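Shown next, in structure tokens, is the structure this report addresses.
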Amino acid sequence: MNGAHDMGGMHGMGPIDTDPNDPLFHAEWERRAFALTLAMGFHGRWNIDMSRHARENRHPLDYLGSSYFELWLKGLERLAVETGLVSAEELASGKPDGPAPAELLPPPDPPCVAALLRKGASARLADEVPPRFQARERVLALDITTPGHTRVPRYCRGRVGIIDRDHGVFIFPDTYAHGRGKKPQHCYSVRFAARDLWGDAASPRDAVYVDLWDDYLEAAP
Amino acid sequence: MKALEALLVEKKLVDPASLDALIDTYENKVGPHNGAKVVARAWTDPAYKERLLRDATAAIAEFGFTGRQGEDMIVVENTPQVHNLVVCTLCSCYPWPVLGLPPVWYKSAPYRSRAVLDPRGVLREFGTEVSDDVEVRVWDSTAELRYLVLPERPAGTEGMSEDELAALVTRDSMIGVTKVATPRVVGPERTLA
């Protein structure tokens with residue numbers, strides 16, 4: 001979706017707060033929002049692409065007007081309701097109407113959480129899919145406009161770059177975010193010359209590397 | 001917020017002890033001190049550096065740094081000719097096992113919007129000057145690869161131990177917004193100009 005989250009190349013966002021001692025959390029509720037989001041994800045009712053889409057798929061004023069962890073909370077509440085872990089009424093009242101779905105496993109305890117974090121969940125797939133492109137090949141990033149989830153930033157759409165390296169086969173977020181399967185395909189690092197993205201104001205030496213999947217690309221004319 | 005947490009605990013959807021463990025892990029245990037060890041090893045052990053640049057995930061796992069948001073790692077090396085900078089313009093993708101959680105500025109609109117558009121301006125905002133004849137490479141980590149910058153080893157650190165070197169490496173230098181500074185005072189007996 002062409003949402004407010006896709007902000008690469010925008011002007012007017014103001015200065016960066018570069019203080020190296022700025023704390024990671026600015027309030028206790030931010031710690032709790034962070035932990036609740038991770039903990040609820042352990043039930044496996046949604047994946048990372050669904051999480052991102054739940055945070056991003058909202059009115060630009062809502063997205064830009066919410067702090068980072070506010071967006072996490074809003075995304076968590078939406079997913080928890082959509083997947084039936086809680087009801088909208090329960091969220092509003094704060095009181096349970098009934099038990100959690102019976103088929104759920106108990107939430108992981110701290111040792112189990114530690115093991116889950118150490119293991120992670122790679123999006124890399126063992127599927128043998130032939131790559132459509134080779135290193136040093138010129139590719140065009142397609143001008144994809146979809147109301148659904150996508151990870152091709154607007155600033156590189158319609159621009160030509162060069163395949164820098166093939167990362168291997170990964171889950172395709174555009175389908176996985178909507179429960180339409182992993183659609184295994186290669187993901188590449190694509191090098192775009194800064195001037196091809198931003199014009200002559202950019203340094204002639206500089207480049208932006210974007211990780212793009214096969215379905216986002218075609219051979220450059 | 002408290003109401004939501006109470007609701008989810010009461011419905012037995014979350015274990016309260018696990019919430020505390022998650023916060024403790026990422027606020028106190030996992031952080032840039034992990035990445036600093038990787039960088040210091042790469043500075044002192046050429047064979048390790050070669051492994052790190054070839055297969056970062058495996059080389060970083062030699063330290064036991066694995067898992068969530070670091071499942072598939074790439075390390076990019078700063079040299080006298082190339083300066084690397086990492087951003088996620090779409091959200092806040094960041095290599096947790098080696099750097100912990102991202103700083104607020106990394107997740108903020110000012111950084112995400114301008115890192116790709118005007119990296120040299122962003123670097124100046126962090127007090128980092130990169131000369132015109134150096135190539136700036138911005139890595140927009142919008143897929144499931146996570147990037148760590150291997151900063152240049154500063155002059156004046158010859159003879160320092162791996163632990164001493166690790167203490168010099170900052171979080172921001174491994175994101176690429178700063179360089180690792182030459183230490184003014186290396187130890188009580190070694191003072192550099």
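Computed from a prediction, not measured in an experiment: that's the story for all the values here. Naming convention: chains lettered A, B, ... in sequence-line order (proteins, then strands); numbering from 1 in each chain. Computed from heavy atoms alone, side chains included, the values below leave out hydrogens, waters and symmetry copies.
Taking CZ of A:Arg151 as the start and CG of B:Leu90 as the end, the distance is 4.5 Å to the nearest 0.5 Å. Taken from CG in A:Leu117 to CH2 in B:Trp96, the straight-line distance is 8.5 Å, to the nearest 0.5 Å. To the nearest 0.5 Å, the span separating CG on B:Leu117 from NE2 on A:His11 amounts to 4.5 Å.
The backbone N or O of A:Pro108 sits less than 3.5 Å from a side-chain atom of B:Ser18, completing a donor-acceptor pair. Remark: side-chain polar atoms of A:Arg118 are not paired, donor with acceptor, to backbone N or O of B:Gly64 under 3.5 angstrom.
Only the side chain of A:Tyr63 comes within contact range of chain B, with at least one heavy atom under 4.5 Å from a heavy atom of that chain. Proximity to chain A (any heavy atom under 4.5 Å) is shown, for B:Thr142, by both the backbone and the side chain. Using a 4.5 Å cut-off between heavy atoms, A:Leu36 touches chain B through backbone and side chain atoms alike.
Across all non-hydrogen atoms, the minimal contact from A:Thr18 to B:Asp172 is O-OD2, 4.5 Å.
B:Leu13 is linked by a side chain to side chain contact (heavy atoms under 4.5 Å, CB included) to A:Met40, A:His43, A:Leu85, A:Val86, A:Ala100, A:Leu104, B:Leu8, B:Lys11, counting only residues two or more places apart in sequence or in another chain.
For the pair A:Asp49 and B:Glu144, the minimum side-chain heavy-atom distance is below 4.5 Å. In this structure, A:Arg205 and B:Asp133 have side chains that are in contact, with non-hydrogen atoms separated by less than 4.5 Å. Residues A:Arg55 and B:Cys91 have side chains not in contact (no heavy-atom distance under 4.5 Å, counting atoms from C-beta outward).
Of residues 36-48 of chain B, no residue lies under 4.5 Å from chain A by any heavy-atom pair.
Contact count versus chain A (heavy atoms, under 4.5 Å) is highest, among B:Gly127, B:Ala17, B:Ala21, for B:Ala17. For the set A:Ala80, A:Pro99, A:Pro110, the entry with the most heavy-atom pairs within less than 4.5 Å of chain B is A:Pro110.
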Problem set entry | salt bridge (Lys or Arg N to Asp or Glu O under 4.0 Å) assessment of B:Lys107 paired with A:Glu30 | CA-CA 14 Å; B:Lys107 306 180 284 188; A:Glu30 294 186 343; over 6 Å; no
